Amino acid sequence: MKHIIMFSVLLVSFGTFAQNQLSLDDCYQLVDKNYPLAKQNALLEQQNAYDLDVIKNKALPQVNLEAQATYQSDVTQVPIPGTGIQPLNKDQYKATASVNQLIYNGGLINASLQAKSANLKTKQKEVEVSLYQLKKQVNQLYFSIVLLQEKKALLRAKQDQLIARIKEVKSGIENGTILPASDKVLEAELLKINQQLSEIQYNKSSLFETLSSLTGTTISPSIVLTNPDLTTNFETNINRPELQLFDLKKEQIQANEQLLSKENMPKLSGFATGGYGNPGLNMLDNSFTSFYIVGLKLNWKVFDWNSNKKERQSLLINKDIINNETEVFNLKTNMELKQQKSDIEKIKSFINTDNEIIDLRKAVLKSSESQLKNGVITASAYITELTNLFEDETNLKTHNIQLSLVKANYNITKGQ
C-alpha cells in the first residue's frame with residue numbers, strides 16, 4: 001500500500017510540474033488558436049460558401065411573377081365600318097409567370113467559382129501572415145520573462161551567500177576577530193536584494209498579463225517558461241507565408257483573367273412565359289384570355305470599346321506589382337537575416353568572454369570570503385566582489401537569453 005501511495009504522489013507531482021511549464025511552441029500555438037484574428041478563417045469559409053451558392057444558383061431556372069393594371073388615355077382602333085371589331089378597353093390587366101433557364105454561358109459560372117475559391121485562399125493566407133507576424137512579439141515577451149526568471153535565480157543564490165556570510169561575520173564579531181557593525185553592511189545589502197526580487201516579481205506579472213492577452217489564455221506568473229535549445233540553419237531558403245501569399249495572389253489574378261475572358265462569350269438561354277389578361281396576345285380580342293410564349297434568347301456583347309481587354313491588361317500590371325513586392329520582400333528579409341546572423345556570432349563571442357571573466361571573479365570572491373572571515377578586509381570590500389560576480393553572471397545569463405531571442409527571431413524571419 002505504501003508503494004502504491006508513493007507512486008500516486010509521484011504521478012501527481014509529475015502532472016503538476018508538467019502543467020506548470022510553458023514552452024515557446026506552446027505560446028505560438030495558443031496565438032494561432034486564440035488570437036481574435038484567427039476567428040476570421042471560419043467566417044471567410046462561411047462567407048465563401050454563401051457566395052458559391054449564389055453563383056451556382058445562376059444555373060438554375062429563374063422564376064419571375066409580374067402583374068399590372070393600367071388605364072390609358074387612348075387605344076388602338078380599326079377604322080373599318082361594319083367589321084364588328086370592338087375597340088379595346090382603356091383599362092387593361094395582365095398577370096404573367098416567366099421561367100428563364102440558362103443553357104450556355106461560355107463557362108462563366110465555373111470561372112466565377114474558381115475566382116471565388118482563389119479569393120478565399122488569398123484571404124485565409126493573409127490571416128495566416130498576420131498571425132505569423134505576431135510570433136516575434138511573442139518571442140520578445142517570452143524571453144523577457146525567461147531573463148527575469150534567471151535574474152531571480154541569481155539573486156536567490158546571492159541572497160543565500162549573504163545569509164551564510166552574515167552568520168560567519170556575527171560569529172567573528174562575538175569572537176572579536178571582525179570589526180563591529182560589519183554584519184550591518186551585509187544586512188543592508190540583503191535588503192537591497194529583497195527590493196530587487198520584488199521589482200522582478202512586479203515586472204514578471206506585467207509581462208505575463210501582456211502574454212496572456214496575446215495568447216488568449218490566462219497564464220499564471222507562477223508558470224515556468226522553459227528556455228528552448230534553438231538551432232539555426234543558415235543554408236536553407238526563405239520559407240515565409242508571405243511568399244506563399246504572393247503566389248496565391250498570382251493565382252487569383254489568373255482566375256480573374258479567366259473570368260474576364262468568359263464575360264464576353266455568347267450566352268444562350270431558354271424562356272417560357274404564361275399569363276392571363278385583357279387583352280391577351282390577340283390585340284383585337286377585347287376579353288380576358290390566357291396566353292403563353294416560349295423561345296430561345298441569345299446575348300452576345302460583340303463590341304465593348306476594348307473595356308474587357310483593358311481590364312485584363314490592368315490585371316497583368318497587378319502581376320508585375322506582385323513580382324516587385326516579392327523582390328522587395330526577399331531583399332529586406334535577406335538583409336534582416338544577415339544582421340541577425342551577425343548578432344548571433346557577436347553574442348557567442350561575448351558569452352565566451354563572460355565565462356572567462358566569471359572564472360576569474362569566482363577565484364577573487366573565494367579569496368575575499370576567506371579574508372572577510374579572518375577580518376583582513378571589510379564587509380564592504382566583500383560586497384563589492386560579490387556584486388561584481390553577480391553582475392558578470394547576470395551578463396552571461398543576459399547574453400545567453402539574447403542569443404536564444406536572436407535565434408528565435410532568425411527562425412521566424414526565415415520561416416523555419
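We use all heavy atoms of the structure for the numbers below, so side chains are in, but hydrogens, waters and symmetry mates are not. Note that this is a predicted model, so its numbers are computed, not measured. Positions are given from 1, in the same order as the sequence printed here.
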Side-chain donor/acceptor pairs under 3.5 Å, residues 344-361, sequence neighbours excluded:
| residue | atom | partner | partner atom | Å |
| --- | --- | --- | --- | --- |
| S349 | OG | K346 | O | 2.5 |
| N352 | ND2 | K348 | O | 3.4 |
| T353 | OG1 | S349 | O | 3.2 |
| D354 | OD2 | H399 | ND1 | 2.5 |
| N355 | ND2 | I351 | O | 3.2 |
| R361 | NE | D392 | OD2 | 2.8 |

With Q416, the side-chain hydrogen bond (donor to acceptor under 3.5 Å, both in side chains) member among N239, N233, T236, T232: T236
Positive for side-chain contact (heavy atoms from CB on, under 4.5 Å) with K125, one of K121, K123, E128: E128
Neighbour count above 12 (heavy atom, 6.0 Å) for Y50 OH: no
Near-ring test Y410/F234, centroid separation under 6.0 angstrom: yes
Do side-chain atoms of [X] reach the backbone of [Y] as a donor and acceptor pair under 3.5 angstrom?
X	Y	result
S220	S222	yes
S307	D304	yes
N388	T384	yes
Q101	V99	no

Qualifying residues under salt bridge (charged side-chain N to carboxylate O under 4.0 Å, His left out), relative to K407, sequence neighbours excluded: none
Donor on one side chain, acceptor on other, N139 and Y28, under 3.5 Å: yes
Lys/Arg-Asp/Glu bridge criterion (N-O < 4.0 Å) met for K170, E187: yes
